[in-house]
Amino acid sequence: MNLLKKNFNVLLIVSHPDDEVIWFGGLLSILSRLDYINLYILCLSGNNTRSRRKNEFNQIMSKLKCRNFVFLRGQLKRSDQQISGISSKLFSALAVMRLNIIDLDLIVTHSPFGDEHAAPHHIQVSNTIFSWCRLNQVSFSFFSCIQLNNISHISLITNFKLLNDLILLNYSKCTQNLKQWIINNALLSPIWQPKYFMQFFIRNKSKNKMLLTYKSIDVSAHKKAYIMASSPVEAIYFFDASGRNVFMEIVKRMSVPGAKILFPHNKIVRNLLS
């Protein structure tokens, strides 16, 4: 990917309505305001005329001023229910959104561990989209409520960075020591082996406002059951430099309120890894 490219096409894929807010709402509110990001959203289930979720999801898209979205028909899936035909549904959604595979710069979706509650259909979506991305040579990433503990994170950040309501807390290169490499390759799939990690603090109330749009859910209960429902901190793992560069376009526009380099002795290491 060319960092000088004017616009980046980012596709967010979620299992059902409200996932886009709980796991990625803060960053979603930021991305939707950037004129160099073309935001696309695919919700894989829940578009049921008898459910209030349809109108609520449409209201979220309106708040985000997102016109490029597809909300697939069907009943809301329980966390233990599989979502059928994900790959074919993705191809169909791209056609509806008039988005060619070759023009996709980054796909963001659920984590391979199923987010906070290890939801089976979140795991299914993550694995399926990961395989689809590898087959079609599209950069893959997943939002994460927690830092992975099966890999090492070597920080590349020199201090906090700021852009309006967005603060960069962590930017790391993901590596594995020999023990981790043996365990990961013997027991885990490649989906657990990302290359980069970024963690952000979003200091606005957009996430909470969007969540309150879902009047069909008990927001108070959601905030007790899901830490991420009220968390201003969100993170994302990238599997290649090309996908990471979409967010680097944001990072390079950030300023450093404090000292530019807090750890000058680590400069050589940072240059080698970045």
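Residues take their numbers from the sequence shown, with the count starting at 1. Keep in mind that this is a model prediction, so the values were computed, not measured.
- Looking at residues two or more places apart in sequence or on another chain, you find no side chain to side chain donor-acceptor pair (under 3.5 Å) involving N149.
- With hydrogens and angles ignored, the 3.5 Å screen pairs a side-chain donor or acceptor of K207 with a backbone N or O of M228.
- A salt bridge is defined here as a Lys NZ or Arg NE, NH1 or NH2 lying under 4.0 Å from an Asp or Glu carboxylate O, and D165 with R33 meets this definition.
- Between the D19 side chain and the H16 main chain, a donor and an acceptor come within less than 3.5 Å of each other.
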Tabulate below the donor-acceptor pairs under 3.5 Å that side-chain atoms of residues 87-95 make, not counting sequence neighbours, or state none.
residue : atom : partner : partner atom : Å
S88     : OG   : G85     : O            : 2.9
K89     : NZ   : S84     : O            : 3.0
S92     : OG   : S88     : O            : 3.1

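- Remark: F130 engages F140, F239 in a ring pair (Phe, Tyr, Trp, His ring centres under 6.0 Å) (not counting sequence neighbours).
- Judged by the 6.0 Å distance and 45° axis criteria, K173 is positioned over the aromatic ring of Y196.
- Although no hydrogens or angles enter the test, the distance criterion places a donor-acceptor pair under 3.5 Å between the side chain of E56 and the main chain of S216.
- Placement of F160 and I154 in two distinct hydrophobic clusters is found when ILVMFWY residues are connected by side-chain heavy-atom separations under 4.5 Å, directly or transitively.
- In this structure, N127 contributes its side chain and I123 its backbone to a donor-acceptor pair below 3.5 Å.
- Applying the salt bridge (Lys or Arg N to Asp or Glu O under 4.0 Å) test to D18 and every residue at least two apart in sequence or in another chain returns R53.
- Under the side chain to side chain donor-acceptor pair (under 3.5 Å) criterion, H153 pairs with Q147, Y237, not counting sequence neighbours.
- For the side chain to side chain donor-acceptor pair (under 3.5 Å) with H110, the lone residue among S144, S15, S126 that qualifies is S15.
- No donor-acceptor distance shorter than 3.5 angstrom exists from the side chain of Q82 to the backbone of Q124, with no hydrogens or angles considered.
- A donor-acceptor pair is defined here as one N or O able to donate and one able to accept, closer than 3.5 Å; such a pair exists between the side chain of E234 and the backbone of G26.
- Looking at D240, its side chain does come within 3.5 Å of a backbone N or O of G243 through a donor-acceptor pair.
- At distances below 3.5 Å, at least one donor-acceptor pair connects side-chain atoms of S32 with backbone N or O atoms of S29.
- In terms of modelled atom types and a separation under 3.5 Å, the side chain of D105 and the main chain of N9 share a donor-acceptor contact.
- Residues forming a ring pair (Phe, Tyr, Trp, His ring centres under 6.0 Å) with Y226 (at least two apart in sequence, or on another chain): W23, H117, H222.
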